[in-house]
Amino acid sequence: MYDYDLLVVGSANADLVIGVERRPGAGETVLGSDLAVHPGGKGANQAVAAARLGARTALLARVGDDAHGRLLLDSQREAGVDTVGVLVGGAPTGVALITVDPSGDNSIVVSPGANGRLTPEDVRAAGCLFQGSRVVSAQLEIPLETVVEAVRSLAPESRFVLNPSPPRPLPREVLAACDPLIVNEHEAKVILGDSAVGDSPEDWARILLAKGPKSVVVTLGAEGALVASAEGVSRVPAVQVDAVDTTGAGDSFTAALAWRLGAGESLAQAAAYAVRVGAATVTKEGAQASFPTAAEVAGS
């Protein structure tokens, strides 16, 4: 019935990465490693991660007619992603400036570029992609009105997964469609806003659920994840690894979770698999280059 296991609606960036001994403070200059350029962006990352795991994947995004755009298209096609929905032109390709310290933690500044020109009209023109997709995943590196239109374009039986990054307050229509809403601690607190926030992820998840999502997943980094729905709240244990670079780990987690939910697994089962995928991702440098295959996850 479905042409795709997963349709990703989101951003495509060139990641410009520099390794640093420590991230600079205000007014400070630090020396870093040679500049490395990698294909990235939360949308493009999720599409590649899902395709590498074996999901039939399509990407709806916009890139510039430039070298960075060609790099992104090549990486999608190499991973097996259907790029029929990738639009070209309108602005330069988006760029992410990333510093990575020796512990693997990163700081990121994004110039949206063409991502900011992915419009609700583009979503409506891609209606056949939405009708043919079992699960639709989105993030917030594209205009919020475009994400709203993606929600309105869902096929009747499709599932919508949202990682609200970078975080901002969400309209009720979007929250109500999320199954699940996937957040880390920072994203949870931004979306909760003035709502009473407890000290534990369980508190955040319960309050977020009350705002309308069908389910919520809170990612906890080295501590695993937490899943919450009308059936209750439970923890998903972490997989212990030596982290090299956390860039892209959240994207691979979201992609794996969305794919396994579409395959019929429970939220807890899908999250447990996604934790293993995220753990495998942080053991290698880069974003897309670090995403594991299903065979690699099975052997981990």
Side-chain angles (χ1 to χ4, degrees), residues 2 5-9 42 46 49-50 53 55 133-140 147-148 150-152 154-165 167-193 195-239 249-279:
Y2 294 103
D5 299 311
L6 179 64
L7 168 63
V8 181
V9 183
K42 291 185 178 298
Q46 286 185 15
L53 291 169
S133 299
R134 187 182 303 275
V135 180
V136 175
S137 177
Q139 326 78 37
L140 298 183
V147 176
V148 172
V151 166
R152 294 172 180 172
L154 294 170
E157 301 301 321
S158 292
R159 189 164 189 158
F160 182 67
V161 175
L162 177 67
N163 172 218
S165 179
R168 70 189 81 168
L170 295 170
R172 186 175 299 275
E173 180 180 7
V174 171
L175 283 169
C178 295
D179 192 15
L181 175 73
I182 304 175
V183 293
N184 60 21
E185 177 180 354
H186 171 63
E187 292 153 3
K189 290 182 176 179
V190 170
I191 293 168
L192 287 170
S195 301
V197 178
D199 293 329
S200 75
E202 284 82 0
D203 292 332
W204 312 333
R206 291 188 181 98
I207 300 169
L208 284 169
L209 269 181
K211 289 182 173 290
K214 298 179 180 69
S215 58
V216 170
V217 174
V218 181
T219 58
L220 303 172
E223 297 180 21
L226 177 148
V227 299
S229 67
E231 298 174 357
V233 179
S234 62
R235 292 263 185 158
V236 178
V239 176
D251 300 328
S252 66
F253 177 96
T254 297
L257 182 79
W259 174 47
R260 299 314 300 165
L261 287 172
E265 291 187 356
S266 70
L267 187 61
Q269 289 172 327
Y273 184 78
V275 163
R276 293 172 61 194
V277 171

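The basis for the numbers below is simple: all heavy atoms, side chains too, and nothing from hydrogens, waters or symmetry mates.
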Pairing residues for [X] by the side-chain hydrogen bond (donor to acceptor under 3.5 Å, both in side chains) criterion, not counting sequence neighbours:
X: Ser252; result: Thr281
X: Ser234; result: none
X: Glu202; result: Arg235

Suppose the criterion is side-chain hydrogen bond (donor to acceptor under 3.5 Å, both in side chains): which pairs have a residue in residues 172-181, not counting sequence neighbours?
Arg152-Glu173, Arg159-Asp179, Asp179-Ser215
Considering residues at least two apart in sequence or located in another chain, which fulfil the side chain to side chain contact (heavy atoms under 4.5 Å, CB included) criterion with Ala205?
Val216, Val218, Leu226, Ala228
Least distance between heavy atoms, [X] atom then [Y] atom:
X: Thr254; Y: Ser137; answer: CG2-OG, 3.9 Å
X: Ser133; Y: Ser158; answer: O-OG, 2.7 Å
X: Ala188; Y: Leu208; answer: CB-CD1, 4.1 Å
X: Trp204; Y: Lys189; answer: CZ2-CE, 3.8 Å

Should Val183 and Pro164 count as side-chain neighbours, where that means a heavy-atom distance under 4.5 Å?
yes
Asn163 (side chain) donor-acceptor with Gln139 (main chain) under 3.5 angstrom
no
Test your reading of the model: is there a side-chain donor-acceptor pair from Lys214 to the backbone of Ala176, 3.5 Å cut-off?
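Such a contact is found between Lys214 side chain and Ala176 backbone.
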One should read off an interatomic distance between Ser200 OG and Arg206 CZ, to the nearest 0.5 angstrom, of 6.5 Å
Spatial distance of atom OG1 (Thr219) from atom CG (Asn184) [nearest 0.5 Å]
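Answer for the OG1-CG pair, Thr219 versus Asn184, is 5.0 Å.
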What pairs of donor and acceptor atoms, side-chain ones from residues 259-271 against any protein atom, are under 3.5 angstrom apart with sequence neighbours left out?
{"unit_1": "Arg260", "atom_1": "NE", "unit_2": "Glu265", "atom_2": "OE2", "d": "3.1"}
{"unit_1": "Arg260", "atom_1": "NH2", "unit_2": "Glu265", "atom_2": "OE2", "d": "2.9"}
{"unit_1": "Ser266", "atom_1": "OG", "unit_2": "Gln269", "atom_2": "N", "d": "3.1"}
{"unit_1": "Ser266", "atom_1": "OG", "unit_2": "Gln269", "atom_2": "OE1", "d": "3.3"}
{"unit_1": "Gln269", "atom_1": "OE1", "unit_2": "Ser266", "atom_2": "N", "d": "2.9"}

